[in-house]
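What you see is a predicted model; the values in this text were computed from it and never measured. We use all heavy atoms of the structure for the numbers below, so side chains are in, but hydrogens, waters and symmetry mates are not. Proteins come first, then strands; the chains are lettered A, B, ... in the order of their sequence lines, and each starts at number 1.
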There are 2 protein chains.
Amino acid sequence: MDLPPIVQAFVLHFGEMGSRWGINRTVGQIYALLYVSPDPLTADDMVARLGFSRSNVSMGLKELQSWNLVRLQHLPGDRRDYFSTPDDVWQIVRTLVEERKKREVDPTLSVLRELLMQTPASAEERHAQDRMREMHHLIELLCGWYDDVRRLETERLVQLLTLGAKVQKILEVKDRLFALPGGKGKDKAGKEG
Amino acid sequence: MDLPPIVQAFVLHFGEMGSRWGINRTVGQIYALLYVSPDPLTADDMVARLGFSRSNVSMGLKELQSWNLVRLQHLPGDRRDYFSTPDDVWQIVRTLVEERKKREVDPTLSVLRELLMQTPASAEERHAQDRMREMHHLIELLCGWYDDVRRLETERLVQLLTLGAKVQKILEVKDRLFALPGGKGKDKAGKEG
DNA sequence: ATGTATTTTCAGAAATTTCTGAAACCTGAG
DNA sequence: CTCAGGTTTCAGAAATTTCTGAAAATACAT
């Protein structure tokens, strides 16, 4: 591996991290390298710097492309493929989350939905369905939230995150302002977008 | 595998899902089974129902315990260990997130911090550090947010999630209410907890 | 077409991870 | 201490995943 020490440490760390997720070491390292590279790289650049076989790099890049995590571009007068990551880290995170949701959460939701449709044949199945229902409900809630915030511009999103739980405070103020002394006062903010 | 069809489908799905994460199939299946079981189970119950070897189940349970995802209890006059999941799904999710953060995010943050302390020896390293800084900043922001919301009671948390991006609307109202025509008007809600 | 530069595929080798049975290890009871 | 019921450990077998080199495909220029 032929990398300056700081880059090397970064690359190795993401290789390790990758393998804790479903991602394999190679793919993690390739992405880390791309992420810190000032310019787009060719597959052969990566071979030279990471020391994997050419075919391994090719497969890794294919994987990354299937995740929409790399940009592919061409330089005029050069037939080789040049790869890079988006400049904007937030874009990377958004893509990552989106793809993981697509691959992990959505299938789970559909399995749950399917199983919840079925008629339980025993007390055991009935209880199992109750549990699944709870899980389904929780996931739906999280997805709803995600679906909402992913549309925010990054600037707004950052604002929201920075605020953190202090939003609570503001909500309390709002509740106090708008509370109708007689009414339930609950789901106030619904339907106005 | 000796399970009613609905439970079996659920267990198998989580086995698959497990292997997409770092978690192995066995562990995923064990947890799924525990999750839908009306009563605590012994390791032998799991052997009987899932068909793994006793030692495999034992290792899986050890793994789950190291994640704090199972409760261990004893019945009077019975030496065997009985395992169960928390009753509250939210508690499970909280634990899951907490542990993953501990194992994946925190080490990454500390690697990043360490690498950012070092003096770059070249333009390449300088650029790499810039990228790492962006990543570090993003992760810190997310962690700060998480650190905030994880303290909320579940009811509050659900409220917040349900609201989703509509919070934005409320913030806009707040901004309008409190905006000082002359000032920057930015990070208003700071420091009041 | 032919030749060259490049990327992709794929069968099997290498490495890693998972799983098992047997043995070791606890812990409490007699 | 010894036994019985139970759990954990661990070395190696089995399965899976990753990685490679060689061959095939692609794409472009001449």
If you assign B:Ser19 and A:Val57 each to the DNA chain D nucleotide with the nearest heavy atom, which residue ends up on the more 5' nucleotide?
B:Ser19
Members of residues 30-55 of chain A that approach DNA chain D, where some heavy atom sits under 4.0 Å away
A:Phe52, A:Ser53, A:Ser55
For D:dT7, take OP1 and OP2 only and decide whether either is under 4.0 Å from a side-chain N or O of B:Lys62.
no
Do A:Gln159 and A:Arg156 have side-chain N/O donor and acceptor atoms under 3.5 Å apart?
yes
Where along residues 64-85 of chain B does a heavy atom fall under 4.0 Å from DNA chain D?
B:Arg79, B:Arg80, B:Asp81
Is the NZ or CZ atom of B:Arg100 positioned over B:Trp67's six-membered ring, under 6.0 angstrom from the centre and within 45° of the axis?
no
Between B:Glu134 and B:Arg131, is the closest basic N to carboxylate O distance under 4.0 Å?
yes
Keeping the roles fixed (side chain from B:Arg94, backbone from B:Arg150), state whether a donor-acceptor pair exists under 3.5 Å.
yes
With a 4.0 Å cut-off, would you call A:Arg113 and A:Glu140 a salt bridge?
yes
Between A:Gln91 and A:Thr95, do the side chains contain an N or O donor and an N or O acceptor separated by less than 3.5 Å?
yes
Value in whole Å for how far the P atom of C:dT16 lies from CZ of A:Arg20
16 Å
To the nearest angstrom, how far is B:Met59 atom CE from D:dC10 atom C1'?
7 Å
Using a cut-off of strictly less than 4.0 Å, decide whether B:Asn56 has a side-chain nitrogen or oxygen near OP1 or OP2 of C:dT18.
no
When the aromatic ring centroids of B:Tyr31 and B:Tyr35 are compared, is their separation below 6.0 Å?
no
In this structure, how many angstroms lie between the P atom of D:dT17 and the CD1 atom of B:Ile23, rounded?
15 Å
Considering residues at least two apart in sequence or located in another chain, which fulfil the side chain to side chain contact (heavy atoms under 4.5 Å, CB included) criterion with B:Ser110?
none
How many whole angstroms separate atom CD of B:Glu63 from atom C1' of D:dT8?
15 Å
